[in-house]
Amino acid sequence: MNVTRGGIAAAVAVVIVAAVCVRLGFWQLDRLEQRRAINVEVRAAISEPPLDLDSATFVEIAPRPGDFIYRRATARGRFHPEASLLLRGRAHQGRPGVHLVTPLELDSGAGIVLVNRGWLPSPDAATADPRPYVESETQTVTGTLRMIPHAGAGAMPAPIDIEDTTVTTFRRLDFPTLASRFDLPLAPVYLERTGEPDGLPAAVPPPSLDEGPHLGYALQWFGFAAVAIVGFLIVIIRRNTGPADPPVA
């Protein structure tokens, strides 16, 4: 077997490519395990009895909001439509749009809970007029609790003008920014409305509890590694078992 510098370089390149593919495969397996763990937590939270967002529950949630994520809950209070905001870049059934989020002042006086009331169509996925969807009377809202993130620069707030009204839009909710907008305390979780009839705003679908594409991606990466190694070995074998050179006359 003749070993050349080119052959050594090719072997090193194949080993590196295969190692990267294997690493990416294990990364996808790690993500699969994380997804499974999250699904277990979500199913456990959904199976818990629904919460009533009264004063006592509001105080209980404040120091440890992570313990209440995906819990079903009911809140009673009055919407403040003048303080509604839009979440940009939200799709529904393949159509671009926004989510309409409105503050709900709890009847108990404990504070404010943001309610994601659902999806509105928007061709540019950034602007929509929330005024036709005002709910100013006292409401009882049922939904699922989700965390208000500390998005920082990821929030990217941007105002839009609709006639004589200015509506703030966000890429992501940001708790410090939103808490400063209200005189009353803001809950560190928001309520994602469920159980609404057909119409607009369209209810946000519940979280998907499947395992996602991670196992398939992992198998693909392991397959790429195997192809790289096997292909290289086939080339080496063919080079060393090819027909001998004819004798020189």
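One-based numbering along the sequence shown. Because only heavy atoms are used, hydrogens play no part in the values below, and waters and symmetry mates are left out as well, while side chains stay in.
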Linked, directly or transitively: [X] and [Y] (ILVMFWY side chains, under 4.5 Å):
X    : Y    : answer
L86  : W119 : yes
F182 : L53  : no
M147 : I38  : yes
L173 : V115 : no
L100 : Y190 : no

Is a side-chain N or O of [X] found less than 3.5 angstrom from the main chain of [Y], in a donor-acceptor match?
X    : Y    : answer
N116 : V204 : no
N39  : L209 : yes
R35  : D210 : yes
R117 : Y133 : yes

**OP:** Assess whether side-chain contact (heavy atoms from CB on, under 4.5 Å) is satisfied between V134 and T102, documenting all intermediate values.
**Re:** CA-CA 9 Å; V134 168; T102 303; over 6 Å; no

Looking at every heavy atom in both [X] and [Y], which two are closest together, and how far apart are they?
X    : Y    : result
F26  : F222 : N-CZ, 3.8 Å
I160 : A126 : CD1-O, 4.3 Å
D174 : A151 : OD1-N, 2.8 Å
I148 : A187 : CD1-O, 3.3 Å
G77  : L104 : C-CD1, 3.5 Å
P188 : P65  : CG-CB, 3.7 Å

Original post:
Is the OH atom of Y217 crowded by more than 12 outside heavy atoms at less than 6.0 Å?
Top reply: no

Original post:
More than 12 heavy atoms of other residues, nucleotides or ligands under 6.0 Å from CZ of R95: is that the case?
Top reply: no

Side-chain heavy-atom pair [X], [Y] within 4.5 angstrom cut-off:
X    : Y    : result
I162 : V167 : yes
R131 : T165 : yes
V98  : L120 : yes
S84  : F79  : no
V141 : V113 : no
L145 : E192 : no
L87  : V101 : yes

To the nearest 0.5 Å, what is the distance between [atom1] ([X]) and [atom2] ([Y])?
X    : Y    : atom1 : atom2 : answer
R23  : Q28  : CZ    : CD    : 10.5 Å
L51  : E60  : CG    : CD    : 8.0 Å
S108 : D52  : OG    : CG    : 8.5 Å
H80  : E105 : NE2   : CD    : 4.0 Å
H99  : F170 : NE2   : CZ    : 15.5 Å
L24  : Q220 : CG    : CD    : 11.5 Å

Subject >> Member of D124, T169, T127 meeting the side chain to side chain donor-acceptor pair (under 3.5 Å) criterion with R88 >> reply: T169

Original post:
Taking atom types as modelled, is there a side-chain donor on T144 or R72 under 3.5 Å from an acceptor on the other?
Top reply: no

**OP:** Establish, from distance only, whether the side-chain atoms of T166 and D161 form a donor-acceptor pair under 3.5 Å.
**Re:** yes

Original post:
Should E135 and R193 count as an ion pair when the cut-off is N to O under 4.0 Å?
Top reply: yes

Original post:
Going by the angle between their ring planes, with limits at 30° and 60°, are H150 and F175 parallel, tilted or perpendicular?
Top reply: tilted

Subject >> Candidate pair L106 and R76, rule side-chain contact (heavy atoms from CB on, under 4.5 Å), full reasoning >> reply: CA-CA 6 Å; L106 297 176; R76 286 175 290 276; over 6 Å; no

